[in-house]
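Taking it in order: structure first as C-alpha cells, then the write-up.
First the proteins, then the strands, lettered A, B, ... as listed; each starts at 1. Source: prediction; values computed, not measured.
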Number of protein chains: 2
Amino acid sequence: MTSPKNDKNTRTTGRPTLNEVARLAGVSPITASRALRGVSTVATELVEKVQKAALELNYVVNPAARALASAQSHSVVVLVPSLSNLLFIDTLEAIHRVLTPKGFEVLIGNFHYSRDEEENLLRNYMAYQPRGFLLTGFDRTESSRRMIEASNIPCVYMMELDSAAGVNCVGFSQLSAGETAAEHLLSRGRKRLAYIGAQLDQRTLLRGEGFRKALQKAGRYDPDLEVLTPRASSVGLGGELFLQLLAAHPDVDAIFFGNDDLAQGALLEALRNGIKIPEQVAILGFNDLPMSEHMVPRLSSINTPREAIGRRAAEQMLTLMAGNKVARPVEDMGFELKVREST
Amino acid sequence: MTSPKNDKNTRTTGRPTLNEVARLAGVSPITASRALRGVSTVATELVEKVQKAALELNYVVNPAARALASAQSHSVVVLVPSLSNLLFIDTLEAIHRVLTPKGFEVLIGNFHYSRDEEENLLRNYMAYQPRGFLLTGFDRTESSRRMIEASNIPCVYMMELDSAAGVNCVGFSQLSAGETAAEHLLSRGRKRLAYIGAQLDQRTLLRGEGFRKALQKAGRYDPDLEVLTPRASSVGLGGELFLQLLAAHPDVDAIFFGNDDLAQGALLEALRNGIKIPEQVAILGFNDLPMSEHMVPRLSSINTPREAIGRRAAEQMLTLMAGNKVARPVEDMGFELKVREST
DNA sequence: CTGCATCAGGACAGCGCTACCTTAGTGCCT
DNA sequence: AGGCACTAAGGTAGCGCTGTCCTGATGCAG
C-alpha cells in the first residue's frame, strides 16, 4: 500500500545476479553463465565482455542457486576424529590448499572418535549434496558404510591403507609402523618392551598389533606389557600410565607410545621422578609432533606424512570429481623413524 | 526417444523432496514445510503426520533450495588466525556445540594471521550469504571493515573487547592480562622483568603493553627486556629467544611469555642448560594450554576462557540472528592466573 | 550455387523450497 | 442470527542459476 510499485522485493538478496551481468554485457544469461564457468564454446570476445561486466558489478555466483540448478554442490566434506590433535590440522590445511583454489568449499566435521557421531555427521552432510567425502580410516558403522555406498559420492580414505577393489586411500601401513618401532627398540638391545596406547581407535590398535607381531617374532612378547585404555590421549595420561607401568614392571626397558602426547607426558614424569631416559627406559613416540624434538631428552618418534596425506587425498578427490579413475588408488606415503635422544 | 515417459530426470538429486513428504502425509507442501520448520501455526496432529512421513522417507531438507527460496542461508562463518594453535580449537568446538543443534552450519576460515587473507576469506564467504560472522579481534583491513559494514550481516568479535557503540564482542581485556602478569611477578620480588612475544598479532601486543604499563608504574620498566618478533610462535622459538635473552641480560629474573608454546620451550631449554626455574628466572606463560601444568617445573600461566568465549559468542550470534538486540553486547569473560611451580 | 554438417548462442523450463496472498473454517460478540 | 475478527491450510509464484533442447549462422564439399 505504502509503495504500490515496490521493486525492493525483500526476497531477493540485493546482490547482482547473472541476469544483470548478462544485460550489461549485452548477451543472454546462459551465455554469461557459460562464459563465467568456462564451459562449452563461447567466443573469446564475449567471454571478456562478460568477465568485465561481472567485475564491474562485483558479481559473485549464488552457490545456492547453482547447487539447486545443477543438483551438484561444490563442497567436499572432510571428517576427522579430532581437532585438538595437531595431527589432523596439518592434513586439513593441506586439503584446503588443494581444493579451495579449484573453487571447492571444504566442510569440516569432527566426530570425536565416535562411530555414531560420524554416522550422524555423514547423514547431515549428505543433505548438502557434497561432491566428495574425505574420511579418516575404515572403522565405521555399517549404516555409515551403506550410506556412503548408496550415495554414489566419491570417497577417499585417509591415514590407513586397504587394497580392496574400488577403494581410494592415501596413508601408510599402521601395522608396519608398529613393527618398525619394535625393531628399532630391539636393535637398541632392549629386552622388556612395552606398548602404551590410548583412545584405541583402529590405527592405535593396528600399530599395537604390528608392535606385538614383531616382538613375538623376536620371542620378546609379554602381554602384561601391553597397556591399552580407551581414555582420550593426553600428556597427563601418558605420565600417569608410564608411572603405573614402571611401578608394576620395574624391569621394563623400552616403551613405544601410540601417540606423542603420551610419550611427552612420560618424559616429563621421568624428569620429575629422576628416571633416566634412555638409560633406564627408552621411549619412542608416534607422529612426531612439533614439540617432540624439543623435549628433554629429545623424543625419538615416527614421523607421519600428515601434510602429504592431505594433499594427495585432495588430489585424488579432484580426479574422482572430474569423473576419472585414479591411476594409483592405494597410495602408501610411508613414515620415517626419527631417532633422537630418548632411544 | 528411447523412453517417452522418462521420469528419471537426471537433474533431480534422487532424494525425497518436500512434495513427496507432503503427499505421504496427505497435506500440502507448504504445510509440510511449516510443520518441519516449526513455524506458524500448524495443528499438532498434522505436524506429527508430517514428521512421521519425513522419517519414513528419510527426508532431509535441501539446503540449497531453502537458501534460494528464503534468500537466507543457515551458515555462520567463523574466521580464526590459526588452527595449529590449540587455543582456537576449544573456541571452535564451543561454537559448534551451540550453533549446530540450532540447525546452523559453521564454516571455518583460517587466515593464518594475515589481514589480507582474512579480507579474501570474507569476500569469498560473502557469496554464501552467511547469517553471521564470528571474527577474531579488531585488527583488520579497511576494506574488510567496509565489507562487513555494507553487508549488514550480524557480527560478533571474539577474544578482545571494544566498548564502541553497536559492537558485539566477547573476550577479556588483553591489557589487564598483561598487567596481572607483571603484578604477579613483581609480587614474587622480581626486579628484572622481561616480556617475550612472537607472532605479534594485536592481542600479543596488547598484553605486552599492559605488562609494560604495570612495570612503568612500578619503576621497573627496561625497554631492552622487551623481545618482540613477528616470527610464528612455537616451542622451538621460545627456547631460542629465552637463551638469547639470558645471554644478553644474565640478570633477568622473570619472564612473561606472550604464549604458552614459547614458555614451554623456555622451560625445556632451561632444563637442558641447567638453568634453575624459578630460582634463577621465574617463567609465566599465557593461555594455559593443557600441557603447561605437566611441564617440569609446572608452568604458571594465565588461563583464558576459550571455551566460554566461543559459547557466549555463539549465543550472542543466535540472539542477533533472531533479530534481537543483545542485552550485554560487551561481555568480559575474564581470565585466571594459575600460579604453579615456575613462578 | 545448393545441401549438409558443425557450432555459437539463445529460449525454455525447472531444480526444491518458501514468502506472500487467498480461501475456508471457527468462535465470539452484538 | 448475522457479521466480524481471527486462525489454519492451500495456491501461486519465484528465488538465481543451469541442463536440455533448438535456432540460426557459418563453412565446406559436391
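- Per the geometry, CD belonging to Glu20(B) stands 11 Å off P belonging to dC15(C), to the nearest Å.
- When each of Leu18(A) and Val42(B) is assigned the nucleotide of DNA chain D with its nearest heavy atom, Val42(B) is the one assigned upstream, toward the 5' end.
- A donor-acceptor pair under 3.5 Å links the side-chain atoms of Tyr125(B) to the main chain of Ile108(B), judged by distance alone.
- Of all the residues in residues 50-65 of chain B, not one reaches under 4.0 Å from DNA chain D with any non-hydrogen atom.
- Rounded to whole Å, the distance from CZ on Arg37(B) to C1' on dT18(C) is 6 Å.
- In this structure, CD of Gln72(A) is placed 11 Å from C1' of dT18(D), rounded to the nearest angstrom.
- Minimum atom distance to the side chain of Ser28(B) is reached by dG11(D), of the listed dG11(D), dT18(D), dT18(C).
- A side-chain N or O of Glu331(A) and one of Gln316(A) form a donor-acceptor pair less than 3.5 Å apart.
- In this structure, Leu36(A) atom CG and dG9(C) atom P are separated by 14 Å, rounded to whole Å.
- Annotation: the span from Arg140(A) atom CZ to Arg146(A) atom CZ amounts to 14.0 Å, rounded to 0.5 Å.
- For Arg34(B), counting side-chain heavy atoms from C-beta on, the closest listed nucleotide (dC17(D), dG10(D), dC17(C)) is dG10(D).
- What separates CD1 of Ile30(A) from P of dG24(D) is a distance of 16 Å, to the nearest Å.
- When each of dG9(C), dA11(C), dC15(C) is scored by its nearest atom to the side-chain atoms of Leu68(A), the top-ranked nucleotide is dC15(C).
- Side-chain contact, Gln129(B) with Asn62(A): a donor N or O sits under 3.5 Å from an acceptor N or O.
- The side chain of Leu46(A) sits closest to dG9(C) out of dG16(D), dG9(C), dA19(C).
- Taking CG of Leu320(A) as the reference point, atom CZ of Phe133(A) lies at 13.5 Å (rounded to 0.5 Å).
- Rounded to whole angstrom, the span from the CD atom of Gln129(A) across to the P atom of dC17(C) amounts to 10 Å.
- Rounding to whole angstrom units, CZ of residue Arg15(B) and C1' of dC17(C) are separated by 12 Å.
- Not one side-chain nitrogen or oxygen of Thr31(B) sits closer than 4.0 Å to the OP1 or OP2 atom of dA9(D).
- For the pair Asn19(A) CG and dA11(C) C1', the interatomic distance rounds to 13 Å; values are reported in whole Å.
- Close to dT18(C), at under 4.0 Å from its OP1 or OP2, lies no side-chain N or O of Ser70(B).
- Other residues, nucleotides and ligands contribute over 12 non-hydrogen atoms within 6.0 Å of the CD atom of Glu142(B).
- Of the candidate nucleotides dA19(C), dG9(C), dC17(D), dC17(D) has the atom nearest to the side chain of Thr17(A).
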